[in-house]
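Structure first, commentary second.
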Number of protein chains: 2
Amino acid sequence: MDARRRQILDAARRCFVRNGFHATSMQDLLAEARLSAGAVYRYFSGKEAIIGAIASEALAEVAEAFAERDGERPPGLDDIVDLVLRGEGPSLAASRESAGLLVQIWAEALRSPSLAARLQEVVDEVRVLISGMVARHQEQGRLSSDVPPERVADALIALVDGFVVRRAVYGDADPEAFRDGLRALMGASHHRRT
Amino acid sequence: MDARRRQILDAARRCFVRNGFHATSMQDLLAEARLSAGAVYRYFSGKEAIIGAIASEALAEVAEAFAERDGERPPGLDDIVDLVLRGEGPSLAASRESAGLLVQIWAEALRSPSLAARLQEVVDEVRVLISGMVARHQEQGRLSSDVPPERVADALIALVDGFVVRRAVYGDADPEAFRDGLRALMGASHHRRT
DNA sequence: TGGCGCGGAAGGAACGCTCGTTCTACGTTG
DNA sequence: CAACGTAGAACGAGCGTTCCTTCCGCGCCA
């Protein structure tokens with residue numbers, strides 16, 4: 001039953017968001033899923049597998065959020081950030097929960113090579129997409145061309161990651177205000193859009 | 001004996017950097033410190049206390065790294081980032097270890113109100129300092145003044161945080177390359193300094 | 001001065017508990 | 001009735017912590 005798997009993963013996600021990967025016990029998870037140990041272990045080989053599945057799903061969401069914006073030509077580079085952040089629905093780092101999950105995944109990746117690899121994969125993918133956007137801006141002369149687009153992409157990714165941190169850790173973060181600051185930073189003369 | 005306390009904290013830091021807060025057991029820590037349980041529990045009330053002490057130290061380093069740059073007038077706003085990142089010695093996020101520790105602190109702050117409070121404190125402090133730098137730039141007309149300096153500061157902090165994530169998680173990150181990307185992003189016409 | 005005894009610091013075995021996991025018996029369904 | 005998926009008790013391991021013991025250095029008194 002695929003629904004059972006989903007039920008377990010949903011419960012796991014709630015637990016992990018609430019308490020972190022290592023601080024949630026299997027029994028917390030079982031209680032949240034309203035399932036017994038036997039039931040859960042039929043679908044997952046263990047805790048590690050569940051963590052892996054949750055992380056994989058979250059990273060897939062991230063990759064998807066970026067991918068579905070590919071090809072769009074944002075009016076300004078500063079819009080790239082909320083282009084992604086604004087993804088409709090509960091996607092990516094739109095919610096504080098997802099942002100928190102992402103932070104936990106980063107921390108977990110520090111000690112799990114397999115997770116680190118998966119993370120690297122997603123980042124590389126995103127980097128290519130963003131670099132493409134940057135390159136297109138450079139062709140249009142909106143951006144100096146004497147810097148490889150990848151470097152600019154890295155700065156943009158750092159911006160997004162930094163925003164994720166803010167969302168997750170320092171409480172809510174207003175994308176609108178953030179973009180204002182960003183826009184000023186970029187020395188753009190255009191003012192905030194109404 | 002203060003040296004004992006240091007010995008324990010140093011060992012704990014090494015362990016936490018290697019395995020994360022929750023994945024290092026007390027016995028790992030005891031072995032690393034070459035001390036017995038009785039000895040350690042004389043200086044700390046428990047694991048939580050040790051985590052708290054380590055986190056506090058790390059955050060103090062961050063605050064200090066920003067504070068000691070206060071009053072400086074960086075040539076460009078893009079320099080603010082590596083102004084901090086470059087702190088001489090093994091400070092702040094200069095090392096990958098410190099960056100990793102910071103990521104773990106973020107993750108931990110998601111479930112520890114006291115740590116979150118301490119974090120908030122440090123961030124607020126930093127925000128004030130950066131806002132001051134930004135305001136000075138605005139006064140000089142190097143930056144449009146129609147955005148509150150705090151918002152620009154938030155963007156800069158996100159940048160730094162994003163760089164920390166990159167350092168810690170995605171492997172090494174070259175501050176030089178990062179600043180190039182940033183400079184291009186900011187639409188500045190000045191090219192990389194030799 | 002020499003021996004004794006005291007106090008604080010460290011050692012490490014042991015504790016109770018909770019962890020992740022396994023296993024067997026039961027209920028349900030086709 | 002056979003087959004499957006679930007429940008939940010049970011298990012060993014390992015956790016964080018406690019506590020009793022040992023060790024060591026210094027001062028006190030005969």
Side-chain angles (χ1 to χ4, degrees), chain A residues 1-58 101 104-105 107-115, chain B residues 1-58 101 104-105 107-115:
Chain A
M1 207 105 162
D2 249 13
R4 272 272 170 280
R5 211 184 134 90
R6 263 264 63 82
Q7 173 185 358
I8 294 170
L9 286 177
D10 288 345
R13 199 189 135 101
R14 284 194 299 273
C15 287
F16 291 157
V17 163
R18 196 190 308 130
N19 269 329
F21 292 141
H22 293 289
T24 78
S25 69
M26 271 298 175
Q27 336 210 17
D28 290 342
L29 203 155
L30 298 181
E32 180 76 31
R34 303 182 153 281
L35 243 32
S36 69
V40 167
Y41 274 84
R42 183 162 305 279
Y43 295 92
F44 293 93
S45 66
K47 196 187 189 184
E48 284 285 308
I50 297 181
I51 292 178
I54 291 288
S56 247
E57 274 193 357
L101 211 47
Q104 288 183 48
I105 290 172
E108 185 66 13
L110 295 178
R111 25 172 257 98
S112 160
S114 68
L115 185 49
Chain B
M1 206 104 158
D2 249 13
R4 272 275 169 278
R5 213 184 132 90
R6 263 265 63 80
Q7 172 184 358
I8 294 169
L9 286 177
D10 288 345
R13 198 190 136 102
R14 285 194 298 273
C15 286
F16 291 156
V17 162
R18 196 191 308 130
N19 269 329
F21 293 140
H22 294 288
T24 79
S25 70
M26 270 299 176
Q27 336 210 17
D28 291 342
L29 203 154
L30 299 180
E32 180 75 30
R34 301 182 154 284
L35 243 31
S36 70
V40 168
Y41 275 83
R42 183 163 307 276
Y43 295 92
F44 293 95
S45 67
K47 196 187 189 186
E48 286 284 308
I50 297 180
I51 293 178
I54 291 288
S56 247
E57 274 194 358
L101 210 47
Q104 289 183 48
I105 289 171
E108 186 67 12
L110 297 177
R111 24 173 256 99
S112 161
S114 67
L115 185 49

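Note that the coordinates shown come from a computational prediction; the quantities given were computed from them, not determined experimentally.
- The nearest whole Å value for the distance from the CZ atom in A:R5 to the C1' atom in D:dG5 is 17 Å.
- Looking at the side chain of A:S25, the nearest of the listed nucleotides C:dG20, C:dA13, D:dA7 is C:dG20.
- Residue A:R4 places at least one side-chain N or O closer than 4.0 Å to OP1 or OP2 of D:dT6.
- Protein atom CD of A:Q27 is 15 Å distant from nucleotide atom P of D:dA10, rounded to whole Å.
- For B:R18 and B:E32, the salt-bridge test passes: some basic side-chain N is under 4.0 Å from an acidic carboxylate O.
- Nearest to the side chain of B:S36, among C:dC19, C:dA10, D:dG8, sits C:dA10.
- Between A:K47 and B:L35, the residue anchored closer to the 5' end of DNA chain C is B:L35, taking for each the nucleotide with the nearest heavy atom.
- Out of C:dG20, D:dA9, C:dA10, the shortest distance to the side chain of A:A37 is found at D:dA9.
- At least one donor-acceptor pair under 3.5 Å links the side chain of A:Q104 to the backbone N or O of A:F16.
- Salt bridge B:D10/B:R6: present, at least one basic N to carboxylate O contact under 4.0 Å.
- In this model, the phosphate group of D:dA7 is not approached by any side-chain N or O of A:Y41 to a distance below 4.0 Å at OP1 or OP2.
- Using a 4.0 Å heavy-atom criterion, one finds that B:G38 contacts the bases of the nucleic acid, with or without backbone contacts as well.
- Separating the CD atom of B:Q7 from the C1' atom of C:dA9 is a distance of 13 Å, rounded to the nearest angstrom.
- Regarding A:F44, its CZ atom lies at a distance of 15 Å from the P atom of C:dT22, rounded to whole Å.
- Of all nucleotides listed (D:dG8, C:dT21, C:dG11), C:dT21 comes nearest to the side chain of A:M26.
- Here B:S45 lies out of heavy-atom contact (under 4.0 Å) with every strand.
- Atom-to-atom, CZ of B:R42 to P of D:dT17 comes out at 16 Å; the value is rounded to the nearest Å.
- A 6.0 Å sphere centred on CD of A:E57 holds more than 12 heavy atoms belonging to other residues, nucleotides or ligands.
- The interatomic distance linking A:I8 (CD1) with D:dG5 (C1') rounds to 12 Å, in whole Å.
- Between the C1' atom of D:dG8 and the CG atom of A:L30 lies a distance of 11 Å, rounded to the nearest Å.
- A distance of 15.0 Å separates CZ of B:R13 from CD1 of B:I50, quoted to the nearest 0.5 Å.
- The nearest whole Å value for the distance from the NE2 atom in A:H22 to the P atom in D:dG16 is 13 Å.
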